Amino acid sequence: MTNKELFKIIKALKKNEMEGFDQLYYATKDIVYYTILAIMKDPSLSEDIMQDTYLTMLEKIHSFKQNTSVKSWLTTIARNKSLNEYKKRKRELQVDMSEQEGLFGQTESSSEKELIVREILQKLNETERDIVVYKVLGDLTFKEISKILDIPQGTVSWKYQESIKKLKNTYESR
């Protein structure tokens, strides 16, 4: 779904016309989910935060600026909610993340896309993961990713290319 089509849905949502919400959700759910999962590393919690992200989007719909990418706006909400929850849980539990059994625990999925994403997330550092997820799953531009992560656009482009090379080398050596 193009950004122009998403803008139309946002405009309707601003008027409390909820018919387009499902279309918006299905067009953005992957990028929102994987943005959250990259931070939280817990599929169940990620789904909860994802729901909260869409509720917040609806609450703050009137603050959406027309010159902003819808996906960029949503992933920023998702990222902020995830970081807040992560910090809250870190303060509460002080759990050593290195003791976890893997990046995603024991969850199983038949989704080929999710299996690929799991491997990617394990091979890359946090910034590289974010950039690849935003670019590949979110279809965001380097400029949009740069705004979300608050790093220079050239750095985003370079890190993306390096991440792809790293993944390519990893899979070629198998």
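In this text the structure is predicted, and so the values were computed from the model without any measurement. All heavy atoms count here, side chains included; hydrogens, waters and symmetry mates do not.
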- Message: Looking at I151, is its backbone amide N or carbonyl O close enough to the side chain of S146 to form a donor-acceptor pair, meaning the two atoms are under 3.5 Å apart?
- Response: yes

- Between atom CE of M50 and atom CG of D30, what is the distance when rounded to the nearest 0.5 Å? 7.5 Å

- Message: I need the Q23 CD to T28 OG1 distance, nearest 0.5 Å.
- Response: 11.5 Å

- Ignoring hydrogens and angles, tell me if any N or O in the side chain of K11 forms a donor-acceptor pair with the backbone of L6 under 3.5 Å. no

- Message: Just verifying a value: how many Å separate I131 CD1 and E126 CD, rounded to the nearest 0.5 Å?
- Response: 11.0 Å

Name every donor-acceptor pair, under 3.5 Å, that has one atom in a side chain of residues 155-164 and the other anywhere in the protein, sequence neighbours excluded.
| from | atom 1 | to | atom 2 | distance (Å) |
| --- | --- | --- | --- | --- |
| S163 | OG | K159 | O | 2.7 |

- Taking the side chain as every heavy atom from C-beta outward, state whether S69 and L140 have any pair of such atoms under 4.5 Å apart. yes

- Donor-acceptor pair, side chain of N3 and main chain of V70, under 3.5 angstrom: yes

- With a 4.5 Å limit on heavy-atom distance, are the side chains of E144 and W73 in contact? no

- Connected via hydrophobic side-chain network under 4.5 Å: L24 and M18: yes

- Query: When you look at K147 and F142, which way does the side chain to side chain contact (heavy atoms under 4.5 Å, CB included) test go after all the steps?
  - Reply: CA-CA 9 Å; K147 287 181 184 178; F142 290 132; over 6 Å; no

- Give a yes or no on whether K14 atom NZ has more than 12 heavy-atom contacts from other residues, nucleotides or ligands under 6.0 Å away. yes

- Point-to-point distance, once rounded to the nearest 0.5 Å, from NZ of K29 to CD of E47: 10.5 Å

- Test log, rule side chain to side chain contact (heavy atoms under 4.5 Å, CB included), inputs Y134 and I31: CA-CA 7 Å; Y134 290 150; I31 185 66; 3.6 Å; yes

- Of the non-hydrogen atoms in L124 and R129, which two are nearest, and what is the gap between them? O-NH1, 3.0 Å

- Message: Quick one, V32 with I77, criterion side chain to side chain contact (heavy atoms under 4.5 Å, CB included). Give me CA distance, side-chain angles, the key distance, then yes/no.
- Response: CA-CA 9 Å; V32 170; I77 294 170; over 6 Å; no

- Query: Is there a side chain to side chain contact (heavy atoms under 4.5 Å, CB included) between N84 and K81 once you walk through the steps?
  - Reply: CA-CA 5 Å; N84 289 341; K81 289 203 162 292; 5.7 Å; no

- Pair S46-Y34, side-chain donor/acceptor within less than 3.5 Å: no

- Query: Which heavy atom in I148 sits nearest to a heavy atom in T75, and how many Å separate them?
  - Reply: CD1-OG1, 3.0 Å

- Side chain E85, main chain S82, donor-acceptor under 3.5 Å: no

- Task: Decide if the gap between the ring center of F7 and the ring center of F64 is smaller than 6.0 angstrom.
- Result: yes

- Message: Looking at every heavy atom in both N125 and T127, which two are closest together, and how far apart are they?
- Response: OD1-N, 3.1 Å

- Query: With a 4.5 Å limit on heavy-atom distance, are the side chains of M57 and I10 in contact?
  - Reply: yes

- What residue pairs, at least two apart or across chains, pass salt bridge (charged side-chain N to carboxylate O under 4.0 Å, His left out) with a residue in residues 59-72? none

- Note on the structure: Rounded to the nearest 0.5 Å, the CG atom of D150 sits from the OG1 atom of T76 at a distance of 10.5 Å

- Item | Verify same cluster id: L55, I49 (apolar side-chain graph, 4.5 Å) | no

- Any side-chain heavy-atom pair of D130 and R79 under 4.5 Å: yes

- Item | Nearest heavy atoms of A78 and T53, plus distance in Å | CA-OG1, 3.6 Å

